[in-house]
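What you see is a predicted model; the values in this text were computed from it and never measured.
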Amino acid sequence: MPGPGGSGRRVGFLTEEEKKNAPKITKELLSRIFSYLKPYWRQLALVLCCILVSSVCSLFPSILTGNIIDVLTGRDLGGWFGAGLSALIRLIVLSLMLHLASNLINVGQTYLNNWIAQHISYDMRNQMYAHLQKMSQRFFTSANQGDIITRMTSDISGVESVITGTFTSILSNTITLIAAVITMFQKNWILALVGIAVIPLFVLPTRMAGKRRWKLAGEAQACNDEINGILNETLSVSGQLLVKLFGREQAELDRYRDANGRMIRLNIRERMAGRWFFMLLSTLTTIGPMLLYLVGGILIMKYDSSLSVGDITVLVALLGRMYGPVNSLLNIQVDWIRSMAMFTRIFEYYDMKPEIDDRPGAKELKNAKGEVVFDHVFFSYDGDRPILKDISFSLRSGDCVAIVGPSGSGKSTIVNLIPRLWDPTAGRVTFDGTDVRDWTLHSLRDEIGIVTQETYLFNATIRENLRYARPDATEEEMIEACRKANILDFISKQPEGLDTVVGNRGLKLSGGEKQRISIARALLKDPALLIFDEATSALDSISEAAIQAAINPLIEERTSILIAHRLSTILAADEILVVRDGEIVERGAHKDLVHAGGTYQELYETQFKI
């Protein structure tokens, strides 16, 4: 019998939030869930057979124990068993063999269960990851990152426990319960009814005590969350500095002591509730067997019943075997609702349609020239507040266009429309004379290299980070890209060269070194269009000069777009677009704009004022 009142009882009740958000169980939902089981129907059928055979086999040792007692009291069982020592040996050997067979089948069933669960989890993770890769930039900027990771990990991992736990538990407990009830009635219907009538005496207090412990455990968890919040706030680097500067050490200690004291009191109450429960349960579990012994004794002594001592022993053993399945099946509703909620959360993500995807009949972009045209483009993130308003300009192959303007004016949004990180609300963007939406996403993005302000490097070697752009790049090609990006000298001075590990997000490198590696990575891609989005804005003057030295030759040899706050970085551009509040308010060369008396002159004089 499972240990009542233990930690397993805590999952036997739904929280108020779970009750409120319980999913609606529909035929479509169940059909969708079972579609993941369908490829493994053969293994599932084998699991069902194992559960059936194992559940029945596990009852036989209890039945045979009664026969053993009858043999010991001198009863002749007749048939193959007979009486005496030979019958005793046969019964003991058969009991051991059935027990061993049940355990071996259980091992096989456990393996099959886990095999199926792991493969379904594997399928769902792959499907979820592939689906998330197709989601637009809007999804990743609006969705909670922790929620995305939770659905990819915890929710899908929970599916494994549903298959290995909930489904299996329903089957095995139902079969065990039915087999036990049938066997009890075959032995003696009067004692069977007495045993079934006793079960609520055990089950109801178990649920009441479990509910009390669940409530106390929830309060203790809330208190523990409060303590963790205090620790995170006051023991972090920034938090501890604030505490010291404002002299709040004693106040924070008092706050911690108060929460800590409440948690200790709740933990004691929870554990004592368990102790009282164990005492009550121990008493209640003896009532059933005692009643069976009493009623069975009356039947034997007063009514000369054919009932034997062994039969009573079997009935008592079967009654004990029924407690666990009954409790589990009473809690199945909770497990079922939680399982359905988990599947519903996963399916919510599956059902999100990718906002940016290949159009039907999209073409492959080959031998790109890098010509870009914005034709009366409008854009809004939410459909209400316009970000870009009637943007029109063209970029010929080999030319360089610079986009400048105040923060939040829409500069980065403009270039993000080219690789279709977003799509225009109105108007169109063309690449090599064709609407970008008519090129396949993969072929379009292959021809565009972007170097952003926030350089992202993987916690790997320089070589691995470079090859992320082109896995088949040769050593010579990587060295040439690094030379053009003005980072080869730095790499050559490292003991490991290209095999130098850059650390998490490139933290072992300076900002300028990371940025130049990012440029080399973009060059290795060999795109038709290079975009530098604020590539030097977060760097010091020396690093900026190194980056600028790398960028200047590049814009001479290929089509490029420069976005910059610092106007010194865009003087070589063929045309400068000045963007303000989502509109192009000025355009022209530096020498023309710097004295035009507009936004560009204002920006220039602000930066170069002596």
Is atom CG of Asn367 surrounded by more than 12 heavy atoms (other residues, nucleotides or ligands) closer than 6.0 Å?
no
Would you call [X] and [Y] a salt bridge, taking side-chain N to carboxylate O under 4.0 Å as the test?
X: Asp438; Y: Arg359; answer: yes
X: Asp526; Y: Arg558; answer: yes
X: Arg463; Y: Glu475; answer: yes
X: Arg345; Y: Glu348; answer: no

For residues [X] and [Y], report the shortest heavy-atom separation together with the two atoms involved.
X: Tyr350; Y: Tyr36; value: CE1-OH, 3.1 Å
X: Ile230; Y: Thr234; value: O-OG1, 2.7 Å
X: Leu524; Y: Glu477; value: CD1-O, 3.5 Å
X: Ser392; Y: Ile584; value: O-CD1, 3.8 Å
X: Ala259; Y: Cys223; value: O-SG, 3.2 Å
X: Val377; Y: Pro424; value: CG1-CB, 4.0 Å

Output all residues satisfying side chain to side chain donor-acceptor pair (under 3.5 Å) with Gln43, sequence neighbours left out; order by chain, then residue number.
none
Which residues pass the side chain to side chain donor-acceptor pair (under 3.5 Å) test with Gln109, sequence neighbours left out?
none
Decide yes or no on side chain to side chain contact (heavy atoms under 4.5 Å, CB included) for Ile561 and Leu529, but give the supporting numbers first.
CA-CA 8 Å; Ile561 297 177; Leu529 172 66; 4.2 Å; yes
Worked verdict on Arg516 versus Glu513 for salt bridge (Lys or Arg N to Asp or Glu O under 4.0 Å):
CA-CA 5 Å; Arg516 281 177 280 164; Glu513 290 158 357; 5.1 Å; no
Keeping [X] on the side-chain end and [Y] on the backbone end, is there a donor-acceptor pair under 3.5 Å?
X: Thr430; Y: Asp435; value: no
X: Tyr600; Y: Asp592; value: no
X: Gln515; Y: Thr452; value: yes
X: Lys514; Y: Tyr456; value: no
X: Lys389; Y: Asp581; value: yes
X: Asp574; Y: Cys400; value: yes
X: His131; Y: Gln127; value: no
X: Glu447; Y: Ser443; value: no
X: Lys134; Y: Lys353; value: no
X: Glu586; Y: Thr599; value: yes

Does any non-hydrogen side-chain atom of [Y] lie less than 4.5 Å from one of [X]?
X: Leu417; Y: Leu388; value: yes
X: Arg521; Y: Leu457; value: yes
X: Thr500; Y: Lys493; value: no
X: Ile391; Y: Phe379; value: no
X: Tyr256; Y: Glu252; value: no
X: Ile414; Y: Leu577; value: no
X: Leu530; Y: Leu523; value: yes
X: Asp432; Y: Glu371; value: yes

Let me see the working for Leu421 and Arg445 under side chain to side chain contact (heavy atoms under 4.5 Å, CB included), right down to the final yes or no.
CA-CA 10 Å; Leu421 298 181; Arg445 290 171 181 173; 4.3 Å; yes
What ring-ring contact (aromatic ring centres under 6.0 Å, His included) pairs are there with at least one residue in residues 139-163, not counting sequence neighbours?
Phe139-Tyr349
Worked check of side chain to side chain donor-acceptor pair (under 3.5 Å) between Tyr129 and Gln133
CA-CA 6 Å; Tyr129 190 79; Gln133 293 281 51; 3.3 Å; yes
Take Phe378 and Asp390, measure what side chain to side chain contact (heavy atoms under 4.5 Å, CB included) needs, and give me the verdict at the end.
CA-CA 5 Å; Phe378 292 78; Asp390 199 18; 3.5 Å; yes
Worked check of side chain to side chain contact (heavy atoms under 4.5 Å, CB included) between Thr461 and Leu498:
CA-CA 7 Å; Thr461 63; Leu498 286 171; over 6 Å; no
Pairing donors with acceptors under 3.5 angstrom, does anything connect the side chains of Tyr468 and Glu464?
no
[atom2] on [Y] to [atom1] on [X], rounded to 0.5 Å:
X: Leu509; Y: Gln494; atom1: CG; atom2: CD; value: 8.0 Å
X: Asn465; Y: Ile462; atom1: CG; atom2: CD1; value: 8.0 Å
X: Asp375; Y: Ser394; atom1: CG; atom2: OG; value: 10.5 Å
X: Arg483; Y: Ile491; atom1: CZ; atom2: CD1; value: 13.0 Å
X: Leu46; Y: Trp41; atom1: CG; atom2: CH2; value: 11.0 Å
X: Ser409; Y: Ile387; atom1: OG; atom2: CD1; value: 10.5 Å

Would you verify whether the NZ or CZ of Arg32 falls within 45 degrees of the ring axis of Phe347 while also being under 6.0 Å from that six-membered ring's centre?
yes
